[in-house]
Amino acid sequence: MATLAANGHNTQPWKFHLDERGGIKILPDLSRRTEIVDPDDHHLYVSLGCAAENLVIAAGAHGRLADVNIEGGSEPRIDIAFEKGPARDGALYDAIPLRQSTRSVYDGQLISQDEIYLLKAEAQQDGVSVIIFTDQAQREAISEFVIEGNSTQMDDPAFVAKLREWLRFSPDKAVALGDGLFSACSGAPVAPEWIGGRLFEAFFSKDAENAKYRDHIRSSAGVAVFVGDRADPLHWIRVGMSFERFALQATALGIRNAHINQPIEVAQVRPEFARWLGVPEARPDLIVRFGRAPALPMSLRRPVQDAIV
Ligand SMILES: Cc1cc2nc3c(=O)[nH]c(=O)nc-3n(C[C@H](O)[C@H](O)[C@H](O)COP(=O)(O)O)c2cc1C
């Protein structure tokens with residue numbers, strides 16, 4: 001259940017160690033870093049937080065209370081101890097295998113204030129704020145930041161080359177490796193690897209991507225921005241826990257979500273975006289759009305044994 005969590009580029013940058021007393025440690029797998037888009041391992045630690053939250057929810061559904069201890073120092077990790085408790089209500093647990101990043105045009109409809117309240121309530125986490133924008137003018141402003149960030153990334157050959165390494169154009173490669181970004185999961189055409197590579201070179205352009213993001217954001221009901229109180233691995237893990245609960249609650253309500261993180265990934269755009277948010281001293285951590293749309297194919301995972309150490 002933990003490995004089904006959201007994670008940057010679907011690199012699955014985690015290792016799980018089962019200790020003699022029945023506890024589980026979640027450790028970073030630094031061989032799965034994405035150093036161009038994520039030079040300080042921000043996304044990596046957010047991803048560990050997402051996995052930890054799934055694990056805690058799954059344990060709760062099976063009658064185990066989890067005690068989470070985040071070690072944020074020089075070798076960050078998450079220690080989870082379990083004790084017997086009553087089995088918890090399973091709405092978020094049931095959503096774990098159904099949650100997905102849905103990178104498509106949404107239906108353009110608003111979602112109710114009650115649903116927004118539930119999303120915010122589930123995402124509550126010490127040291128993390130969640131700001132929700134539903135107003136169209138605000139969504140347009142966020143769209144401009146996404147386009148600025150995306151344009152910078154698309155103009156950077158190192159970024160595009162690294163992204164391409166994690167793309168899987170064919171089902172054969174996607175299934176064989178069990179990681180990375182499979183085209184079908186983004187609604188893109190599936191093709192043998194060599195054809196997919198040529199299509200990528202021919203059609204993956206800054207203008208087309210920017211137009212796509214504008215349509216995606218316009219069609220969404222809103223955008224959630226996650227901001228940790230501090231910029232360190234401890235808070236990045238907490239941001240991941242908050243986001244994962246948000247995504248699971250959304251899934252339980254039939255609401256989709258997808259990341260539009262370019263403004264926080266590009267170091268020059270991030271402070272401008274923080275000023276626009278009204279938190280100039282903070283480092284905004286995640287930007288996520290949400291709304292309703294049909295499901296896309298689910299992303300793949302490596303066998304669980306590969307992540308156990
Ligand atoms: C920290 C973090 C950053 C992410 N950044 C992006 C992003 O910028 N764009 C995007 O489309 N998806 C992004 N994602 C979503 C992942 O690509 C996605 O979770 C992963 O491919 C697994 O797919 P799934 O969420 O459908 O299970 C991010 C996820 C996390 C946890």
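If you read the sequence from its start, that first residue is 1, and numbering goes on from there. Note that ligands are numbered from 1 as they come in the structure, with each ligand's atoms numbered from 1 the same way.
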For S299, atoms of ligand 1 separated by under 4.0 Å from a heavy atom: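 Counting atoms of ligand 1 from 1, those under 4.0 Å from S299 are 22 (C), 23 (O), 24 (P), 26 (O), 27 (O).
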
Where ligand 1 meets L181 - atom numbers and elements under 4.0 angstrom, heavy-atom basis: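 With L181 as reference, the close atoms of ligand 1 come out as 17 (O), 21 (O).
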
Closest protein heavy atom (residue, atom, distance) for atom 13 (C) of ligand 1: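 Protein heavy atom with the smallest distance to atom 13 (C) of ligand 1: H259 CB, 3.4 Å.
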
Contact (N/O only, under 3.5 Å) between H43 and ligand 1: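 Min N/O separation from ligand 1 is not below 3.5 Å for H43.
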
Nearest-contact summary for atom 10 (C) of ligand 1 - protein heavy atom, Å: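 Protein heavy atom with the smallest distance to atom 10 (C) of ligand 1: R103 NE, 3.5 Å.
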
Residue, atom name and distance, where the atom is the protein heavy atom closest to atom 3 (C) of ligand 1: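 Scanning the protein heavy atoms, the shortest distance from atom 3 (C) of ligand 1 goes to N261 ND2, 3.4 Å.
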
Selection from I264, N7, L286 by shortest heavy-atom distance to atom 19 (O) of ligand 1: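 Going through I264, N7, L286 one by one, N7 has the nearest heavy atom to atom 19 (O) of ligand 1.
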
Ligand 1-proximal atoms of R301, by part, heavy-atom distance under 4.0 Å: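 Contact part for R301 vs ligand 1: side chain (C-beta onward).
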
Element-labelled atoms of ligand 1 that are located less than 4.0 Å from some non-hydrogen atom of A6: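 That gives atoms 19 (O), 31 (C) of ligand 1.
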
Among Q153, H42, H259, side-chain hydrogen bond (donor to acceptor under 3.5 Å, both in side chains) partner for E265: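 Of the listed options, the one satisfying the test is Q153.
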
Check: S47 N/O within less than 3.5 Å of ligand 1 N/O: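 No, S47 has no N/O under 3.5 Å of an N/O on ligand 1.
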
Under 3.5 Å: N/O of Q262 near N/O of ligand 1: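 Not met; the criterion fails.
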
Passing option when F133 is tested against W276, F290, F145 for ring pair (Phe, Tyr, Trp, His ring centres under 6.0 Å):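 So, applying the ring pair (Phe, Tyr, Trp, His ring centres under 6.0 Å) to F133 and each of W276, F290, F145, only W276 qualifies.
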
Aromatic plane relationship, F226 with F243 - under 30° parallel, 30 to 60° tilted, over 60° perpendicular: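 Aromatic pair F243/F226 classed perpendicular.
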
From CD (E165) to OG1 (T34), nearest 0.5 Å: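 Interatomic distance, E165 CD to T34 OG1, rounded to 0.5 Å: 10.5 Å.
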
Over 12 foreign heavy atoms within 6.0 Å of CZ, R164: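 Yes - once you tally the heavy atoms of other residues, nucleotides and ligands closer than 6.0 Å, there are more than 12.
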
Q100 N/O under 3.5 Å from ligand 1 N/O: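 Looking only at distances, the answer is no, because the N/O contact criterion of under 3.5 Å is not met.
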
Atom 26 (O) of ligand 1: the protein heavy-atom neighbour that sits closest, reported with distance to 0.1 Å: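 Nearest protein contact, heavy atoms only, for atom 26 (O) of ligand 1 is S101 N, 2.9 Å.
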
4.0 Å heavy-atom contact, H216 with ligand 1: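 It does not; every heavy atom stays at 4.0 Å or beyond.
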
Atoms in ligand 1 with a heavy atom of V46 nearer than 4.0 Å: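 With V46 as reference, the close atoms of ligand 1 come out as 1 (C).
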
Min heavy-atom dist M298 to ligand 1 below 4.0 Å: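 M298: no contact with ligand 1 (<4.0 Å).
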
R99 neighbourhood, listing ligand 1 atoms whose heavy-atom distance to it stays under 4.0 Å: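 It comes down to these atoms of ligand 1: 24 (P), 25 (O), 27 (O).
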
Element-labelled atoms of ligand 1 that are located less than 4.0 Å from some non-hydrogen atom of E265: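 With E265 as reference, the close atoms of ligand 1 come out as 8 (O).
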
Subset of ligand 1 atoms that lie under 4.0 Å from at least one heavy atom of H9: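 It comes down to these atoms of ligand 1: 17 (O).
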
4.5 Å side-chain heavy-atom contact, H216 and Y106: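 Not in contact.
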
